Structure formats: C-alpha cells, structure tokens
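Here's the structure, in structure tokens; my notes come after.
Atoms within each ligand, like the ligands themselves, are counted from 1 in listed order. Everything quoted here is computed from the prediction, not taken from an experiment.
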Amino acid sequence: MIPVLIVLNAGSSSLKFQVFDMLDNAEPRLVWKGLYEGLGGAAHFVIRHARGADLDEMSWNSGEEFGHEEALAHLISWLREHQEGRKLAAIGHRVVHGGQSFSRPVLVDDSIVQALEALVPLAPLHQPHNLEPIRIMRRRLPGMPQVACFDTAFHQTQSDIASLFALPREMREGGVRRYGFHGLSYDYIASVLADYDPRLAEGRVIVAHLGNGASLCALKDGVSVATTMGFSALDGLPMGTRCGAIDAGVVFYMLREMKLTPEEAESVLYKKSGLLGVSGISNDMRMLRSKATTNADAKRAIDLFAYRITREIGSLVAALGGIDGLVFTAGIGENDVATRAEVMAGLTWAGLTMDESANRIGGPRISTGSGPSAWVIPTDEELVIARQTRSVLESTQAKLAS
Ligand code: AMP
C-alpha cells in the first residue's frame, strides 16, 4: 500500500484539497487535486488528475444542505472508492494563524485545537474556517494524524524590531505585533531559489506574492527578515478586495463620523476595497486589464496596485540593505505580464532591467544584465503543507520508536 496524505485548505464556502503519494525518499507526489465550491448553498465538486485532466465532477442543489461536513464525508468516500492500493496516512491543514507560539507545523491533539481556537480573534475571518475541517476529521477519522501548517510560522525568524508596532509595551505582550502571512508560499519559493540561481538562495531576495491576497517578503539566506503584512492579512499592499496599509485614523473616521459598526467597517476594509473598491468593477486583474484602456477607474486601480508594490519593494530593499533578486509569484505575479513590467519600470534605480521578451513568455528569468535579477517562479503552497505534514509524521513516528 502506498501511504497518501490529504492537504486541506478551507475557506468560508470552499474547500480545496490535494492528495499526495508519499514514496520513500522522494518529494510528496501529487496524485489528485480538487475543490468543493458553493458550500452551504448550491455546492459543486470537481477533482482532477495531477496532470490536469478532469476526473470526476458533481453538483448539489441549494436545498440539499451540503456544507463542509458533507464535503469531507464525500471526499473520504470518494477516496475510498478510488484509492487503488493507497492508504490514507495523514491530513495536513492550512491554518492561517499560529500566533506567537507556533513557529513550526504541529501534530494536532485536544490541547492544540484549544490553542488554535484561542487564536480566532487574531484572524476572525479565516481561522474558524481552517479549524472546522480539523474538528470534522477528528470526529470522522479518530486516530488519523492531522498536522496544522501555519501561514505565519515562516516569519518567526524576523527580528524583534521588524515585528514591532510602536504601540504601548503591554499591547505587544498581549500579542499585538506584526506576524506576516503567505508564509507557506514564501517557504516554497525559498526552497527552490537555488534551482534557479544558487546566489539567490544565499542572497537578498524580495518575493512578491501577488494573488487575490498580496504581500511582499524580504528573504536573506532564505529566511524571512521583513514582510508587508502585519497583525492581520489586511496590511501592506492593496489586494483584490482588501485595502492594504491605510492610516488607522481612517478606521476611527468610519466608526465615528460615518457611523459604521465595527463589523461594517471590517467588511469595507476586507471585502469592498482593494482593486474592487478602487475600480468599482472587479477584484479580478484579468477583467481590469481588459477594461483599462477605456475605463479610467480600472486603470486607476491597476496603477495604484503597481505603485504600492514598487514603493513597498523600495522599503524592503532598505530593510535588506540592497537587493540581489526579485521574484514574482501567485496568480497575478505568475501571469500578468503588464504588472511585472509596470513594477520593474519603477525599479531601475535598484539596478533591475527588464528583459521584455522573457517577460512576455513568463521567464523564468525576466531581467537582463549582471545586476540584481528578476524571476517568475510558480508557487506551491500545498506541496509545502505536504512536506511539513510528512516531516511531522516522520518525527512523531521516530519519537514513538525510540
Ligand atoms: P490567486 O489568488 O493566486 O489565485 O490569484 C488570483 C488573481 O490572479 C486574480 O486577480 C486573477 O485575475 C489573476 N490572474 C490569474 N490568471 C491571470 C492571467 N492570465 N492574467 C492576469 N491575471 C491573472
């Protein structure tokens, strides 16, 4: 039997999953990947082979009460029917917040579940959805090892100063500090830098994770020294629907003068801002690009996005004391030729020169000259969760055996 692990990434109405074979002495190998969408309403399931061909698909109508519980029950029985000589060995979960105490992935038990629940106030819009499948799987598959892998953990290497807000000391002691997110993506990029150029792995590299969520991370010797996201996943760059860094005074104005409730203000900042809010059209970069030549609001949203990325890269170059490499990743970073060109155009002062034809075909190297280099590197957060889950599993088994 080949041991397999499932990687789960749960949102409020979606559940993404990937299934990996764990072969001896080899990287976890993707077998299937899929998605449940529309959970709690008209749900839809699709599963594909690793190489991309659709394998199975199913829909439920909105009267059928199909939520996360039902999706996981369906996934377990689908896998049992199709497992062909495979045996489930562990489940790895993406968990957005590991707080101050979790600097590495962890095997889940009762006390860990409690500790992760205590972190819900730090990420109220994401953490509860991440914890739900952990609880469900503990009930449905008691004894199955489950590992929580954190988006914050990669940034625990940052210095005290880099993670500090200029707030009263007791607030920091109460956990109000910069945590940083997208750590699973940065972990993956750091792990493959040497394959692209060994000098990057030991150099000063800025990674631009530009997807629907967006942030930058400054890496030195492959570890995080600074990032644009802070206490919450709202900080830093403008995103699909999130505002990025704003003056905290705006929040008081929203509450006091605009008479918004905290929930309404939160919804504006998380769900109605960013590319969507500025354009008034969409959070989808493809849509905005298609309208940018004729619609001034679409163009303004894109221009602000590129401007903020360029400015924040400048700040991270200062934090690193220079730059050896710039990496674009995630949906926009990997695919949007124009965003890469706009950002690079603002970085000639840092010695970065765009290779336009390489940029058009997606690199991987998109810069010319002997100065700092720029790259397009596809990220793979699920593979990092699979690697981390396997490593926790193996070290637990080793401890039990000794
Ligand atoms: P992610 O959250 O990483 O899936 O990224 C989602 C973002 O990537 C959305 O803004 C998409 O519009 C954008 N995106 C995906 N594919 C493309 C593409 N081919 N060109 C431009 N933007 C893209």
**Request:** Assert yes or no for the condition that the ring centre distance of W78 to H82 is strictly below 6.0 Å.
**Result:** yes
**Asked** So, is I332 polar-close to ligand 1, with some N/O to N/O distance under 3.5 Å?
**Response** yes
**Item:** Atoms in ligand 1 flagged as close to G211, the criterion being non-hydrogen separation under 4.0 Å
**Value:** 1 (P), 2 (O), 3 (O), 5 (O)
**Name of the residue among E382, E27, E381 meeting salt bridge (Lys or Arg N to Asp or Glu O under 4.0 Å) with R387** = E27
**Item:** Per-residue contact class, N283 against ligand 1 - non-hydrogen pairs under 4.0 Å
**Value:** backbone
**Centroid-centroid under 6.0 Å between H97 and F150 rings** = no
**Prompt:** Are there more than 12 heavy atoms of other residues, nucleotides or ligands under 6.0 Å from atom OH of Y253?
**Reply:** no
**Prompt:** Any N or O of D336 that comes nearer than 3.5 Å to an N or O of ligand 1?
**Reply:** no
**Asked** Among protein heavy atoms, which sits nearest to atom 22 (N) of ligand 1, and what does the distance come to when rounded to 0.1 Å?
**Response** R286 CG, 3.7 Å
**Asked** Has R51 got its NZ or CZ under 6.0 Å from the middle of the six-membered ring of W32, at an angle within 45 degrees of the ring axis?
**Response** no
**Request:** Quick one: look up the protein heavy atom nearest atom 19 (N) of ligand 1 and list residue, atom name and how far away it is.
**Result:** N335 CB, 3.4 Å
**Asked** Can you list the ligand 1 atoms lying under 4.0 Å from a non-hydrogen atom of N212?
**Response** 1 (P), 2 (O), 5 (O), 6 (C)
**Prompt:** Taking the inter-plane angle between the rings of Y179 and F231 on a 0 to 90° scale, is it parallel (under 30°), tilted (30 to 60°) or perpendicular (over 60°)?
**Reply:** tilted
**Request:** Take the angle between the ring planes of F17 and Y36 and call it parallel below 30°, perpendicular above 60°, tilted in between.
**Result:** tilted
**Message:** Whether the H129 and S12 side chains hold a donor-acceptor pair (N or O, under 3.5 Å, no angle test) is what I'd like checked.
**Reply:** no
**Request:** Starting from atom 12 (O) of ligand 1, find the nearest protein heavy-atom neighbour and note its residue, name and distance.
**Result:** D284 OD1, 2.5 Å
**Request:** Would you check the N or O atoms of M285, main chain and side chain alike, for any that come under 3.5 Å of an N or O of ligand 1?
**Result:** yes
**Asked** Hey, which atoms in ligand 1 end up nearer than 4.0 Å to a heavy atom of A330?
**Response** 3 (O)
**Prompt:** Can you check whether a protein heavy atom sits less than 4.0 angstrom from atom 4 (O) of ligand 1?
**Reply:** no
**Message:** Any nitrogen or oxygen of G331 lying under 3.5 Å from a nitrogen or oxygen in ligand 1? Just yes or no.
**Reply:** yes
